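Treat the numbers as computed from the prediction; the structure is a model and nothing was measured. Numbered from 1 within each chain, the chains take letters A, B, ... in sequence-line order. The figures here come from the full heavy-atom set of this structure, side chains too, leaving out hydrogens, waters and symmetry mates.
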Amino acid sequence: MSSKYPFAEIEPKWQNFWEKNKTYKTDLSHSGKKLYCLVMFIYPSGAKLHIGHWYNYGPTDSWARYQKLKGKNVFEPMGYDAFGLPAENYAIKTGIHPHDSTMTNIDEIRMQLKRMGCMYDWDAELMTCEPKYYKWNQWLFLQLYKKGLAYRKNAPVNWCPKDQTVLANEQVLSDGTCERCGTTVIQKNLTQWFFKITEYAEELLAGLDKITWPEKTKLMQRNWIGKSVGAEVHFKVDGSEEIISVFTTRPDTLFGVTYVVLAPEHNLVDILTTNEFRNQVQEYRNSIKSLTEIERTSTVKEKTGVPIGAFAINPVNGEKVPIWIADYALATYGTGCVMAVPGHDERDFEFAKKFHLPIRKVILQPGTNETDELTEAYTEPGTMINSGSFTGVNSDEGIEKIISYLEEKGFGKKKVNYRLRDWLISRQRYWGTPIPIIHCEKCGEVPVDEKDLPVELPYDVQFKPGGESPLISSEKFMNVKCPKCGSNAKRDPDTMDTFVDSAWYYFRYLNPNITTDPFDKSLADKWTPVDMYVGGAEHATMHLLYARFIHKFIRDIGYTNSDEPFSHLIHQGTITNQGAKMSKSKGNVVNPDQFIEKYGSDVFRMYLMFMGPYELGGDWSDKGIAGTDRFVQRTYELAMKFSGLLKQSASQNVYDVEKLSENEKHIYKKINQTIKKFDEEINHFRFNTAIAALMEMINEMKLLDACSKEIQLYALKRFITLLAPIAPHLAEECYNMLGSEKSIFENPVWYEADPIALVEDMVSIAVQVNGKLRGTVQAAINCSQTEVKNLLLNDEKIKKHLEGKEIVKEIYVPNKIYNIVVK
RNA sequence: GCCGAAGUGGCGGAAUUGGUAGACGCGCUGGACUCAAAAUCCAGUCUGGCUCACACCAGGUGCCGGUUCGAGUCCGGCCUUCGGUACCA
């Protein structure tokens, strides 16, 4: 049919218009009504834009457009998270250089993004693999290094003995084998760089109370940081000068310690193990070496361990208790040492039972006897018993009392411990930011001078697996003179975790070409924090925590004035396919292109928004897309029918409802109700109900024929404006057809609802008898209970239910419900 | 195991602080238009009973209880699904 909306012409037409007129170029010098709306930037993989990206970017752009129409100065940038493992793996497989494949992908993705028709300010585009960007990763590294927040230490990596390469966790299959060759992966220690995020643990925790994020995300970060308050207790070792420090949250159970456990990797193990036990200990350590971290920490696995022959001395009672090593003590948490209280800790209980270690009751459960045998660990508070001078004290108070006692005697102190570990940023990979450190035999690790940045990533590198970091193979890169002493030295061969790139990119968008600073400080002061950040929930603990950490660090070195990077955060839901996450490896990725070709960008984006609540996502189905397409067609036909109206008539901003005809009054009320509803819904990312409101509106539009031109224009102008955020191309075209010469987004206008039109004069009141609906009555708004009662007593149906009954009680909720309780 | 979210028609999903369950859309059924089809428009569509029909009656938001004049919504106890996490001393 000829009147079918020709999206294939219209959409490129407006995209070109917007680009040519720089409609979406943000003037950052005006920050008065600033709104920084950001989506997590895209990883330019070969899979290009999929439905998940559309679901993230389309609705968020609609929200940003709505804000722009409301008069906000909106900044909405887009860029590429261009470094990373997949490009390198692709290169290993195909021989195509990561730089080349990444650039090709970016070019295609940029085209796809432009076809979506989002409001991106393309002048702000950035890609992290460019020297002008990653130079500032290196700068950041040096600032952290200066403050002692970047340091090296030994840390295990997944190592495939056959491929001779380091594997990321996701490259290790669940059975602990290499995803490429099936060889069992082992753990190997390498000296690696860390950022001291733990220094900010307390502030990262406290800051969560000040940001508007989903509660579950904040909870995940709280758990991830894992603050616990307790004590550090020092145990002397019998016949040795060494001290074993343990962290405990239950110092009140100190008298119940019957053994001490060290993590098998703990340094003290070599020192303390007696000759007699040496073989056994070595054997045990070997036996757990092959286990992956996942197996090691599995809670279903039975605990194992061996004694090392040495004894620790309990500071509070001088008792000698055996020292064991066991897999359930983790080197990475607390001090790596545990005081075992089998009577009051489930793990210790299980372990003591298995190895026949003594179990001592030192906390009495209320309502039980001291002589009752413990059948399981009692972990709740109670009365302290068998605890020397502390016997009889309530265990909650005992915690503080024991700590005071320990501090007094120098046996320990109060201690706050965090689960959070420092951020390991070294990657034994090619496609990333080189670490700006030079290793000199004489001077040790020497930072590259800031004026020598960037340390450029060389192009010509053997990045295929085999050996260590790929950069080692580039002699040109590796061999440098020591900046301090001038002798021959080597560069650090590792690259940085790509989470470093994404930890501060929102600053860089404000001026991605600045060469004198990582970002424009004066703009950053005005434009950060990001006002709305939208992205996947899978980043809850990594990216979103790292960015908060780096932001606080940047603040502490005087580069920004805000405390948090993202003041509001929303996670879009996941779109699955037949219940499974879409992934290239599963081959269940749905390509959006087919829908864009068939229906156009507006219909597709609107369908994604209409599917359901944004934060829930859902299973993909194209079943209902015809519905949004129909809506678009009807809108287009409506605009066509009234084309030129803007030139034939003018409408007022407000009309007196009483002076309108019945049809006009109806339209007038409906459009104003729709404005109110739509505004509320879209403001809270409830796109599905916002669109439903527009559909209801268009269903009423058939009444326009019976309205004056003024009212027609009044309704259509408003309807098209509401449509503009969710179907921008269509709305522009419709407005154009009405007779406008300008883009809606050039001179943004938003219509406020006329409050008088929102008031209903008649309401329908539900009438219940004994809580069951028996009818409804039409009454004037705010009428009295007596009036409503008179109305309902005239209703035959309702009367029938009241006949011969005694009225016990009447509840009247004005304008809503009238409930009569009868006997 | 622990933490979190969610269970509503054939389907996706609506439902302010407890106040007319099923908005909006898909699908389906019937009708109009057409030589015919597509498209479009109109009507119907929770289940069961009764009825020519209108009406009416009963039941109904995962299950079992409770609070209340009134519960999808609040409380207690389960079941299922999906996310997160994994011995955190």
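Residue A:Ser228 is classed as a sugar-phosphate contact, given heavy-atom separations below 4.0 Å to backbone atoms only. Within 4.0 Å (heavy atoms only), A:Val821 reaches sugar-phosphate atoms of the nucleic acid but no base atom. Looking at heavy-atom distances under 4.0 Å, A:Arg686 makes no contact with the nucleic acid at all.
B:A58: Watson-Crick or G-U partner is B:U47, with both key distances under 3.5 Å.
Note: A:Phe499 and A:His539 have perpendicular aromatic rings, judged against thresholds of 30 and 60 degrees for the angle between ring planes. Under the 30°/60° scheme for interplanar angles, the aromatic rings of A:Phe7 and A:Tyr5 are found to be tilted.
Summarising the local packing, CD of A:Glu376 is surrounded by 12 or fewer heavy atoms from other residues, nucleotides or ligands at distances under 6.0 Å.
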How does protein contact run along nucleotides 23-28 of chain B, one letter per nucleotide 5' to 3', with B for base contact, S for sugar-phosphate only, - for none, heavy atoms under 4.0 Å?
BBSSS-
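A donor-acceptor pair is defined here as one N or O able to donate and one able to accept, closer than 3.5 Å; such a pair exists between the side chain of A:Ser395 and the backbone of A:Gly382.
Listed nucleotides: B:G12, B:G59, B:C88. Nearest to the side chain of A:Lys772: B:G59. Distances were taken from every side-chain heavy atom of A:Phe247 (C-beta onward) to each of B:U20, B:U17, B:A89; the shortest belongs to B:A89. Nearest to the side-chain atoms of A:Thr776 among the listed nucleotides B:C3, B:U20, B:G12 stands B:U20.
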Could you walk me through whether A:Leu204 and A:Gln221 satisfy the side chain to side chain contact (heavy atoms under 4.5 Å, CB included) test, starting with their C-alpha distance in whole Å, then the side-chain angles of each, then the deciding distance to 0.1 Å, before giving a yes or no?
CA-CA 9 Å; A:Leu204 287 168; A:Gln221 291 212 346; over 6 Å; no
Tabulate protein N/O versus nucleotide N/O from nucleotides 42-49 of chain B, keeping only pairs under 3.5 Å, one per line.
none

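In this structure, A:Arg605 forms no cation-pi arrangement with A:Trp54, as its terminal cationic atom is not both closer than 6.0 Å to the ring centre and no more than 45° off the ring axis.
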